[in-house]
S.K.: 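Structure provided below as structure tokens; questions to follow.
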Amino acid sequence: MGEAPAFCFDNLQNGFGLKPKGLETSADVGDKTFVIGGADNDSTSYIGVKIYDKSTGKWVIPTVLGTKPKASKGHSAILLNEDRIMIIIRGSTPDDCIWFLEVDTKYVKEQRKILGTEVVAWSRGVRGDAEKPVVISGPSGVGKGTLINMLMKEFPSMFGFSVSHTTRAPRGNEKNGVHYHFADRSVMEKDIKDGKFLEFASVHGNLYGTSIEAVEAVADSGKRCILDIDVQGARSVRASSLDAIFIFICPPTMRELEERLRARGTETEEQILKRLRNAEAEIEQGKSSGIFDHILYNDNLEECYENLKELLGLNGSAPTNHKPSPKGIDLPLNHSVSKIDNKILINCETLELEKASKNLIALDVSSLKGGAPGRTRGLNVYALDSFSDGLNEKLS
Ligand SMILES: Nc1ncnc2c1ncn2[C@@H]1O[C@H](COP(=O)(O)OP(=O)(O)OP(=O)(O)O)[C@@H](O)[C@H]1O
Ligand SMILES: Nc1nc2c(ncn2[C@@H]2O[C@H](COP(=O)(O)O)[C@@H](O)[C@H]2O)c(=O)[nH]1
């Protein structure tokens with residue numbers, strides 16, 4: 001992210017562009033003033049947003065996308081890059097205190113076009129980076145699930161499975177929330193309309209989809225996310241802002257694929273034939289569409305698994321340098337906020353003498369990644385010793 005304009009305000013300190021009213025803050029972006037929060041007597045449970053359009057002199061209530069932050073005891077707001085406003089929430093939990101309201105990012109611009117209304121989008125701020133997710137596709141019965149299970153079993157602390165939603169009925173051994181979120185079509189269609197899905201597709205006559213939450217929850221847990229999705233889904237993810245590795249698994253022959261599907265014994269004859277018909281087109285697209293970074297043949301299972309591990313840099317023994325995701329940020333209720341270049345400085349007004357020497361926290365926003373409809377990652381947090389000259393300790 002480039003240089004942010006020097007525009008900062010805080011609802012307790014009357015800084016640039018601040019027009020406080022109760023628990024509201026505001027920020028000017030071009031002709032628009034974004035008013036964030038609500039008056040003291042506002043009973044809504046979420047932080048609200050309204051826009052004053054200076055060119056028309058009218059108030060607009062935008063479509064608000066993404067997970068909204070809960071109503072709070074107040075917040076500070078800092079405009080970054082003229083396209084998003086960073087919100088630091090008072091009195092929230094360490095995992096919930098940094099949010100971004102996107103007002104003119106690429107995602108917001110696209111959604112504005114699609115919805116034909118004014119749009120803003122919330123995204124929760126998360127410390128550090130997540131490892132690139134791994135998208136695995138291939139025809140039904142080729143062995144994707146088998147390979148993924150082997151990976152998760154060998155590296156349980158490293159990988160997490162993105163649990164998809166589907167309208168198909170559960171198989172005998174499948175558990176809701178573990179293998180899939182089994183959903184009603186009408187509910188799933190509404191959630192898709194509400195922008196909760198990263199991708200979705202009609203596969204073998206049922207609706208399948210990856211919710212944004214499914215992928216972000218794995219990344220939040222500090223694990224690398226694995227998605228088992230069809231080629232249409234892989235194409236959508238390729239076109240999204242999710243930076244992933246795409247692997248296509250091919251069967252050795254169509255005959256072998258048929259044998260595996262039949263031996264699995266989970267589909268009716270009619271369903272097997274439908275899956276085999278779809279497999280031909282999927283293999284064709286998997287090999288030629290340019291979506292996939294790697295193609296693996298699953299003939300001998302052990303060999304294919306070794307090749308998969310090699311692609312993921314896991315050949316040899318389990319890596320020991322796997323770092324858990326960093327914790328949130330513990331902020332006291334009372335603090336003030338200022339901005340210098342790409343650093344947001346939070347002055348924690350603690351009265352405890354023993355903490356007085358470490359009462360400044362710096363948030364480095366120079367390498368933010370992702371954003372709505374997922375999380376905003378890449379936030380780096382440092383403790384600043386107020387009695388020394390500079391950054392001295394990256395908070396663990
Ligand atoms: N290399 C292999 N050789 C022989 N059998 C295999 C091999 N890989 C997987 N299988 C078997 O093939 C069947 C299908 O595998 P699996 O369920 O993992 O496929 P899948 O690609 O996940 O299918 P779907 O997309 O329908 O979920 C399983 O019974 C599995 O044990
Ligand atoms: N586009 C998506 N495809 C998905 C998703 N979850 C699973 N799938 C694919 O569906 C078929 C069939 O799966 P099955 O469990 O019914 O055998 C298979 O190719 C999966 O990869 C999803 O979220 N999106």
Side-chain angles (χ1 to χ4, degrees), residues 133-153 161-183 188 191-192 196-215 218 225-240 242 244 246-268 270-283 285-286 291-292 296-308:
V134 183
V135 172
I136 299 193
S137 290
S140 178
V142 73
K144 303 179 295 295
T146 307
L147 289 161
I148 292 170
N149 285 341
M150 290 166 84
L151 210 50
M152 307 261 293
K153 201 168 165 201
F161 186 60
S162 156
V163 181
S164 295
H165 283 63
T166 181
T167 59
R168 88 150 158 74
R171 293 176 187 142
N173 62 338
E174 287 180 332
K175 289 197 181 76
N176 191 25
V178 177
H179 299 92
Y180 279 106
H181 298 289
F182 295 100
M188 204 172 149
D191 285 348
I192 289 170
K196 293 186 182 166
F197 278 77
L198 176 67
E199 64 77 30
F200 60 92
S202 176
V203 191
H204 317 313
N206 286 299
L207 189 56
Y208 292 77
T210 308
S211 71
I212 291 156
E213 199 47 41
V215 175
V218 175
C225 186
I226 306 187
L227 292 84
D228 173 346
I229 58 177
D230 86 318
V231 175
Q232 305 168 76
R235 180 176 281 115
S236 304
V237 176
R238 200 30 128 187
S240 79
L242 192 78
F246 293 77
I247 301 172
F248 188 79
I249 314 285
C250 262
T253 61
M254 286 302 289
R255 192 190 173 101
E256 172 69 20
L257 183 71
E258 180 169 355
E259 274 170 22
R260 286 182 197 172
L261 263 181
R262 290 192 188 287
R264 189 170 71 181
T266 49
E267 270 72 34
T268 63
E270 193 189 341
Q271 286 164 346
I272 289 174
L273 294 176
K274 187 182 245 179
R275 285 175 182 238
L276 287 172
R277 275 197 303 275
N278 292 340
E280 308 227 1
E282 283 182 280
I283 294 169
Q285 288 179 45
I291 298 171
F292 295 94
L296 289 180
Y297 281 84
N298 182 18
D299 188 353
N300 177 294
L301 183 60
E302 287 306 324
E303 269 174 32
C304 185
Y305 180 57
E306 287 306 313
N307 291 337
L308 176 63

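Ligands are counted one by one from 1 in listed order, and the atoms in each one are counted from 1 as well. Residue numbers start at 1 and run along the sequence shown.
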S.K.: Can you tell me how far apart CD (Glu199) and CG (Asp230) are? Round to the nearest 0.5 Å.
M.R.: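 Answer for the CD-CG pair, Glu199 versus Asp230, is 7.0 Å.
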S.K.: Give yes or no for whether the N/O distance cutoff of 3.5 Å, strictly under, is met between Ser140 and ligand 2.
M.R.: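 Such a contact does not occur with ligand 2.
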S.K.: Answer side chain, backbone, both or neither: which part of Arg171 comes under 4.0 Å from ligand 2, heavy atoms only.
M.R.: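 The side chain, only.
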S.K.: Can you list the steps and then say if Glu267 with Arg262 is a salt bridge (charged side-chain N to carboxylate O under 4.0 Å, His left out)?
M.R.: CA-CA 8 Å; Glu267 270 72 34; Arg262 290 192 188 287; over 6 Å; no
S.K.: If the contact criterion is a heavy-atom separation under 4.0 Å, does Ile249 count as touching ligand 1?
M.R.: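 Ile249: no contact with ligand 1 (<4.0 Å).
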S.K.: For Glu174, is there an ion pair with Arg168 - N to carboxylate O distance below 4.0 angstrom?
M.R.: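 Judged by the 4.0 Å cut-off on N to carboxylate O distance, Arg168 and Glu174 do form a salt bridge.
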S.K.: What part of Tyr180 sits under 4.0 Å from ligand 2 if we count only heavy atoms: the side chain, the backbone, both or neither?
M.R.: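 Only the side chain of Tyr180 comes within reach of ligand 2.
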S.K.: For ligand 2, indicate whether the residue Glu199 contacts it via side chain, backbone, both or neither (heavy-atom separation under 4.0 Å).
M.R.: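 The side chain, only.
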S.K.: Which of these, Thr166, Ile229, Thr210, has its nearest heavy atom closest to atom 4 (C) of ligand 2?
M.R.: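 Comparing heavy atoms across Thr166, Ile229, Thr210, the nearest one to atom 4 (C) of ligand 2 lies in Ile229.
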S.K.: Closer than 4.0 angstrom: is that true for some heavy atom of Gly141 and an atom of ligand 1?
M.R.: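 Checking ligand 1 against Gly141, which is what was asked, there is a heavy-atom contact under 4.0 Å.
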S.K.: So which heavy atom in the protein is nearest atom 11 (C) of ligand 2, and how far is it from that ligand atom?
M.R.: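 Looking at atom 11 (C) of ligand 2, the protein heavy atom closest to it is Val203 CG1, 3.8 Å.
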S.K.: Looking at His165 versus Phe197, is the centre-to-centre ring distance below 6.0 Å?
M.R.: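 Yes - the distance between ring centres of His165 and Phe197 falls below the 6.0 Å cut-off.
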S.K.: Which one of Arg260, His179, Met150 has a non-hydrogen atom at the shortest distance from atom 4 (C) of ligand 1?
M.R.: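 It is Arg260 that holds the nearest heavy atom.
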S.K.: Looking only at protein heavy atoms, which one is nearest to atom 17 (O) of ligand 1, and what is the separation?
M.R.: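 Result for atom 17 (O) of ligand 1: Arg264 NH1, 2.8 Å.
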S.K.: Please work out, at 4.0 Å between heavy atoms, whether the side chain, the backbone, both, or neither of Arg275 comes within that distance of ligand 2.
M.R.: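 Only the side chain of Arg275 comes within reach of ligand 2.
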S.K.: Inspect the contact between Glu213 and Lys196 and indicate whether a charged nitrogen and a carboxylate oxygen are less than 4.0 angstrom apart.
M.R.: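 Salt bridge: no.
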S.K.: If you measure from each non-hydrogen atom of Gln232 to ligand 2, which part falls under 4.0 Å: side chain, backbone, both or neither?
M.R.: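 Neither part.
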S.K.: Can you list the ligand 1 atoms lying under 4.0 Å from a non-hydrogen atom of Pro139?
M.R.: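 Listed by number with element, the hits are 21 (O).
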S.K.: Given Asn298, Ile148, Thr266, Asp299, which has its nearest heavy atom closest to atom 8 (N) of ligand 1?
M.R.: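 The nearest heavy atom belongs to Asn298.
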S.K.: With a 4.0 Å cut-off on N to O distance, would you call Arg260 and Glu256 a salt bridge?
M.R.: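 Between Glu256 and Arg260 there is a salt bridge, with a charged N closer than 4.0 Å to a carboxylate O.
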S.K.: Who's the nearest protein heavy-atom neighbour of atom 9 (C) of ligand 2, and how far?
M.R.: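 Here the nearest protein heavy atom works out to Asp230 N, 3.8 Å.
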S.K.: Has Arg275 got any heavy atom lying under 4.0 angstrom from an atom of ligand 1?
M.R.: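 Contact check Arg275 vs ligand 1: positive.
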